[in-house]
Structure formats: structure tokens, C-alpha cells
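Here the structure comes first, spelled out in C-alpha cells, and everything after it is commentary.
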Amino acid sequence: MSNSFNQLPLPPEQLDNLKDLGYQEMTPIQQACLPEVLAGKDVIGQAKTGSGKTVAFGLRLIDCLNVRFFAPQALVLCPTRELAGQVAGSLRKLARYKQNIKILTLSGGMPIGPQFASLEKGGHIIVGTPGRILDLIYKGRLDLSKVNVTVLDEADRMLEMGFKEDVTEIFEQCQSDRQSLLFSATFNEEIERIAQTMMKNPTWIKGADEDTPSDITHHFYEVDQHENKPEAIWNAMQEFEPKQAMLFCNTKIYCQEICDFLNDKGVVARALHGDMEQKERDQTLTLFSNESVSVLVATDVAARGLDIADMPCVFNVDLPKQTEVFIHRVGRTGRNKNKGQSITFMTTRQKNLIPTYEDLIHQPIRIKRISAGSRKKIQMPEYQTVMMAAGKRDRLRPGDIVGALTQSAGVNASDIGNINILPVVTYVALKRDIADQAVGRLSRSRIKNKTVKMRLIN
Ligand code: ADP
Ligand code: MG
């Protein structure tokens, strides 16, 4: 097989690990980038959303580590805390075959104290957002002087004003002869020029996947004016009946407004934006990922990078202020060979932007009007989540929970969805029709010989 991972200079243990992860063969961007990346060259990689860019740099970070050397040796910078968390999670999976690799997530929105503590214990790979990383450098807690590989994920975003200054300052702390990797689905000329100044003879790998057809179908709808959008969303939901959807709005206030509108209609929707506490943001994403929430109404904090399996539908309730953000928003669906639908609303006044969007998606656009819905049933989420007041600190494992649910609460294993065990709480998705009864029974029984407080949260 020409696109097998076996042809790469990777240890056999990693090849086995990739098989265990279900990665049968390389995606086009991985095939194009990995030989260069693993050879230590500087690379700028551009490929579609959902095409597997994390693995294209992640394998290198794990491969070139000296585990016995307790200093940060690799650094990944991301634009949002959620994405940093997700990238760290992906790296941990790639690192499973190597013992004792410490991957630290250093992002804002979490208390800084525990980050001091984990830095003291030493981390090999740092993943985070620029603000918090600079903060830790200023406080004398983070020493990046041994970092010899840096990655900018969503690189074009990271090199925009606001982030660029921080990124430059952080990179000045790292080794000057380090390997530098940049990945994104979109780049523009200005960004390419900046990138060039901070890299050594980078290899440009672009459009490795350009001839693979997009798995996303685009629908554009005209609304007379902004005020008509809630009704249009409602009609589109009845027409498409998506199992789940992500709705993008341009402001936090409007996100909340649309979310309230949908909740009033009986849809299980939640908002996600930067005014929310980090805990709430994380919980919302967990509930959306485990399919306990049908609709996520988000600002562009959720536009970049997030990988939610099988998410079938994205709505651009508002057109984004920067057109390339459209690509990133829409790229939350149709990931890794799945099919996706993109639904975009344009007000009559915005119709002059049609040619811009035709250029962007390389297709002609036939704008339609959405007809009034036929009042079908509302799509309820498949699962409901129970939150338990116990987690990793209580040495809780998935097996303990599955055991308690099947043995004490009489739940079929097939009715149990995702289990997310965090340090002090655990989220368990249960099929909606059995959730109530199961939680009633489980809260009266014991898990690991203890009664655990729990409640349904949506
Ligand atoms: P991108 O950063 O390009 O948007 P991600 O790195 O988030 O995409 O990967 C998208 C999804 O594809 C993830 O769920 C990841 O686990 C999966 N994936 C990555 N590489 C492979 C592969 N070689 N085979 C199958 N799935 C893969
Ligand atoms: Mg990515």
C-alpha cells in the first residue's frame, strides 16, 4: 500500500499504536508532509478541514522527544483553549506507546496555580494559548529554552494581529535553530510573507487533497432582513432534520438570543461563547460531543479546529466578518470522509457577496428561499448526560461505571454512550429513554464501594 504509515521512519511500537487508533493509512496531507516533518525540516502545510493535520505534526513531536530529559522540548500554540485541549488529547493518544511522556495544556480560563505545580513536575510537550504561556514565562515558571520544535496550529489565525506579537515573543524564548511547523486550512499572502520571515527554507505543502471532492454540500438561503433569521433557522431545521447542528453567529448576545429562541421551541440547544466561564464552556462541548445536546449556537471561538465526530450540519446564521472564517466554520462538518451539510443565510442586501463566496467554495451558488416548515417532530438528542461528583482523583475508571450501570442499575451496555472522566467529576451519556430510571437506581447503589452524588444535567 503506497500510503501506509509503514514506509515512515517510525518505531514499530508507534506503527502498532496507529493501527490500534484505527488509522489504516495516511491521509493525503499526512502522506505529503510526514517524510519532511519527520526529517526535521520546516514545513508549511495546508489542507482541508478535517484532513488529519494534527497527526501530520503530532508524530514528529512524540518521535523526537528525549523522555529522560525533563524540560519542555516541543511547543504547540493554538488560538482557543478548547482546541488546545483537543490537540493535547490527540497527542496523548499518539504518545501511548512511549512511557512517561508528559503533555501539559497551558491555557487561560483555568486557575494558574495547578499549572505551576505541573510545570514543577516537568512537561515534555506544551500545548496552549499564547496569553497564558507568556504569563507563565513572565512569572518565571516556564522555561522554553530547550524547545526545539514549535507548531502553530491554525497558523494563519496565530499570525494575525493580536496573536502575532505574543507568538513572536514566545518563539524568541525557544531555540533559534529549532524546527518550525505551520498548519492550517487557509493561508493568505500576507500571512505567507510573515511565515517566511520566521522559518528556515520551509517546504510548502499545499492542496495535497485538492482533487478529492469536498464532502460538504452547500445551501444558501436569502432572508429579507436580519430579523427573519430565527424563523428561517426553524424552517431549515424542519427541512433538514439534522441529528445535530452547529450554528454560528457573530456576537455573544445574538448567540444567546438564538439559543433561547430554540429552547423555547423545545430544541435542546446550548450557547458557546467567550463570556461564559471556562467550566461551562467545557461542559457544553462535552454535552454536544456526547450527543446530549442537539444544537450548539456558537461564536467563532468554536470555528477553528474542533473535531466532533459525525457532526452533520453547520449553519452560518450570520456571514462571518472575514470570509476565510467561513471555511473553518463549515469545516466542523464533513470531517474525515463523513458527509456534511452547510446552510448559510444571506440578507437581501448581502447578495452582492455571492461572487466572493463562489470563489471561496469553487462552486456556483444558486440562492434559494426556505419554505415554511411542515411542523414535523423536533429532533431530540439521543442521549442525556449524568454528572457524577467523582473522577480521576477517586481513581474512577470507565470499567467501574459500566460495571455499576449494568450490574446495579440494570442498564444494557448498548445504552451507555461516552464516558468522560475528569479530575473531580465524570460525565456519562445514557440513552434518553432509560436515563431517568438508571440514575435513580444508580444513585441508591455503590460505585467502587462508595455512594456517589449524581444528577441529570440536561
Ligand atoms: P484537521 O486538523 O486537518 O482539521 P484533525 O487533525 O482534527 O483534522 O483530524 C480529523 C479527524 O481525522 C480526527 O478525528 C482524527 O482522529 C482523524 N484522523 C487523522 N488521521 C487519520 C488517519 N490517517 N486515518 C483515519 N483517521 C484519521
Ligand atoms: Mg486541526
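Just so you know, ligand 1 is whichever comes first in the structure, and atom 1 is the first atom listed for that ligand.
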Check each N or O atom of ligand 1 against all protein N or O atoms and list the pairs under 3.5 Å, with atom names and distances to 0.1 Å, one per line.
from, atom 1, to, atom 2, distance (Å)
ligand 1, 3 (O), S51, N, 3.1
ligand 1, 3 (O), S51, OG, 3.4
ligand 1, 3 (O), G52, N, 3.1
ligand 1, 3 (O), K53, N, 3.0
ligand 1, 3 (O), K53, NZ, 2.8
ligand 1, 4 (O), G50, N, 2.6
ligand 1, 4 (O), R335, NH2, 3.0
ligand 1, 6 (O), K53, N, 3.4
ligand 1, 6 (O), T54, N, 3.0
ligand 1, 6 (O), T54, OG1, 2.5
ligand 1, 7 (O), R335, NH2, 3.1
ligand 1, 8 (O), G52, N, 3.2
ligand 1, 8 (O), R335, NH2, 3.4
ligand 1, 14 (O), D307, OD2, 2.4
ligand 1, 16 (O), Y23, OH, 2.7
ligand 1, 20 (N), Q30, NE2, 2.8
ligand 1, 23 (N), E25, O, 2.8
ligand 1, 23 (N), Q30, OE1, 3.0
ligand 1, 26 (N), N336, ND2, 3.3

At what distance, to the nearest 0.5 angstrom, does CD of E192 lie from CG of L159? 11.0 Å

How far apart are the C-alpha atoms of R81 and D282, what are their side-chain angles, what is the distance that settles it, and do they pass the salt bridge (charged side-chain N to carboxylate O under 4.0 Å, His left out) test? CA-CA 9 Å; R81 302 158 187 174; D282 292 342; over 6 Å; no

Give a yes or no on this: more than 12 heavy atoms of other residues, nucleotides or ligands lie within 6.0 Å of atom NZ of K98. yes

Between Y357 and H218, is the ring centroid distance below 6.0 Å?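 Centroid distance Y357-H218: not below 6.0 Å, so no.
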
Under the side-chain contact (heavy atoms from CB on, under 4.5 Å) test against L247, which residue among L296, D318, V295 passes?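 When L296, D318, V295 are each tested with L247, the side-chain contact (heavy atoms from CB on, under 4.5 Å) holds only for V295.
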
Does the salt bridge (charged side-chain N to carboxylate O under 4.0 Å, His left out) test come out yes or no for R304 and D156, once each step is laid out? CA-CA 11 Å; R304 286 206 182 232; D156 55 331; 2.8 Å; yes

